[in-house]
Protein chains: 2
Amino acid sequence: MIRNLTEQDKEHLQEALVKSGQKVTPQREAVFTVLLAERDHPTVDEVFNRAREVMPGLSLATVYNCLETFVGCGLVRQVNHERESTRYCPNLAPHAHFRDKETGQVHDIELPPEVMKSLRSILPPGFDSEVIEISFLGRAQAKDTHSN
Amino acid sequence: MIRNLTEQDKEHLQEALVKSGQKVTPQREAVFTVLLAERDHPTVDEVFNRAREVMPGLSLATVYNCLETFVGCGLVRQVNHERESTRYCPNLAPHAHFRDKETGQVHDIELPPEVMKSLRSILPPGFDSEVIEISFLGRAQAKDTHSN
DNA sequence: TAATCAGTTAGAATGAGTCTAATCCGCAAG
DNA sequence: CTTGCGGATTAGACTCATTCTAACTGATTA
Ligand SMILES: [Mn+2]
Ligand SMILES: [Mn+2]
Ligand SMILES: [Zn+2]
Ligand SMILES: [Zn+2]
């Protein structure tokens with residue numbers, strides 16, 4: 001695990017950072033690598049602990065900073081469930097989140113455009129929404145090993 | 001404002017509490033009254049401040065306790081947006097929440113059963129969800145005085 | 001009356017997240 | 001090369017919503 005970024009991932013990272021006037025740094029690469037390695041919606045602490053394995057001097061503050069930067073330039077999404085610690089998701093496709101009440105795992109749920117449309121359609125006139133968050137809470141049959 | 005509970009509201013409160021083995025108390029009545037008076041999704045502090053006007057000795061801890069009790073027996077829903085303070089909503093009909101980015105106000109959005117169904121339909125087999133939370137973020141034309 | 005027990009209360013504790021101020025470091029000008 | 005600059009990193013202090021604790025209240029019961 002924590003295999004390296006592909007060239008494509010590196011370009012993605014660099015482009016998004018540079019486009020918003022920021023730099024690629026070893027810390028940012030390490031944090032981004034962690035996010036792409038296991039798409040299990042880790043918390044800041046989980047990202048921190050995983051990233052430290054490959055960059056021991058990394059600080060928690062920097063992990064917060066990197067993740068904030070990534071959110072700011074659209075590289076990752078924040079995922080909140082009730083009052084739990086914020087989690088991070090590098091899946092840029094429109095999707096909802098399903099949290100397993102038993103395991104706490106968070107799964108991505110694909111969100112077809114037709115459903116998005118039906119959601120937008122329930123807004124009364126005068127309401128304009130940029131962001132729609134959808135989260136399910138329930139139980140998922142543990143039939144996959146790869147957490148996503 | 002803070003008009004009294006109707007008989008129907010009192011019964012609703014009493015039934016839900018008794019059904020889950022708890023008692024009607026003056027504090028719980030006061031907090032519930034506040035929630036029904038202005039359906040603007042107040043935070044704990046807002047509930048606290050409004051309820052104190054009519055019951056000056058009320059403590060913040062008790063407001064937390066009452067609200068937790070109400071959530072536990074299904075009288076109100078918690079509403080979270082990102083990491084902001086939790087808000088409370090006594091609207092038991094299925095609905096989504098729309099938060100106005102400008103004003104911070106939270107509005108209820110009716111959720112037709114057909115939309116609920118289309119949402120459930122996007123869950124892959126093996127995923128069973130009891131709770132679906134939908135929240136919009138955007139701007140609402142300020143065309144109504146009654147906050148809802 | 002005395003015991004019981006849920007509810008209330010003030011204040012301490014928790015902990016995710018934010019802020020601050022010092023340091024680091026890559027790069028460009030001199 | 002040195003030096004200066006500015007963004008990035010860092011440790012640790014701080015915030016503040018929420019939770020916890022332990023004492024108290026007050027109604028009900030034995
Ligand atoms: Mn999965
Ligand atoms: Mn309204
Ligand atoms: Zn996701
Ligand atoms: Zn509501």
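Naming convention: chains lettered A, B, ... in sequence-line order (proteins, then strands); numbering from 1 in each chain.
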For the residue pair A/S85 and A/T43, what are the closest heavy atoms and their distance?
-> CB-CG2, 4.0 Å

Spacing of A/E46 atom CD relative to C/dG17 atom P, expressed in whole Å | 12 Å

A/L67 side chain near A/V44 side chain, heavy-atom distance below 4.5 Å | yes

Rounded to the nearest angstrom, tell me the gap between atom CD in A/E68 and atom P in D/dG7.
-> 16 Å

Should A/R83 be listed as having a side-chain N or O under 4.0 Å from OP1 or OP2 of D/dT18?
-> yes

Is it the case that A/S135 and A/R99 place a side-chain donor and acceptor less than 3.5 Å from each other?
-> no

From CZ of B/R87 across to C1' of D/dA17 the rounded distance in Å is 13 Å

Between C/dT14 (P) and B/Y64 (OH): distance, integer Å | 17 Å

Whole angstrom is fine here: how far is it from CD in B/E29 over to P in C/dT8?
-> 11 Å

Within this structure, what is the CZ-to-P distance between A/F48 and C/dA16, rounded to whole angstrom?
-> 13 Å

With heavy atoms under 4.0 Å as the rule, sort B/T43 into base, sugar-phosphate or nothing.
-> nothing

Separation of D/dT18 C1' from A/N80 CG (nearest whole Å) = 16 Å

Which pairs, with at least one residue in residues 43-87 of chain B and sequence neighbours excluded, count as a ring-ring contact (aromatic ring centres under 6.0 Å, His included)?
-> B/F32-B/F70

C/dT18 P sits how many Å from B/E82 CD, rounded?
-> 11 Å

Letter by letter from the 5' end, nucleotides 8-13 of chain D scores (B base, S sugar-phosphate only, - none; protein heavy atoms under 4.0 Å) SSBB--

Exceeds 12 heavy-atom contacts within 6.0 angstrom, atom CD of A/E84 | yes

Respond yes when some side-chain nitrogen or oxygen of B/T86 is under 4.0 Å from OP1 or OP2 of D/dT18, and no when none is.
-> yes

Please collect all side chain to side chain donor-acceptor pair (under 3.5 Å) contacts where either partner lies in residues 122-134 of chain B, sequence neighbours excluded, each pair once.
-> A/K101-B/E130

Kindly say whether B/N65 contributes a backbone atom to a donor-acceptor pair with the side chain of B/E68 at under 3.5 angstrom?
-> no

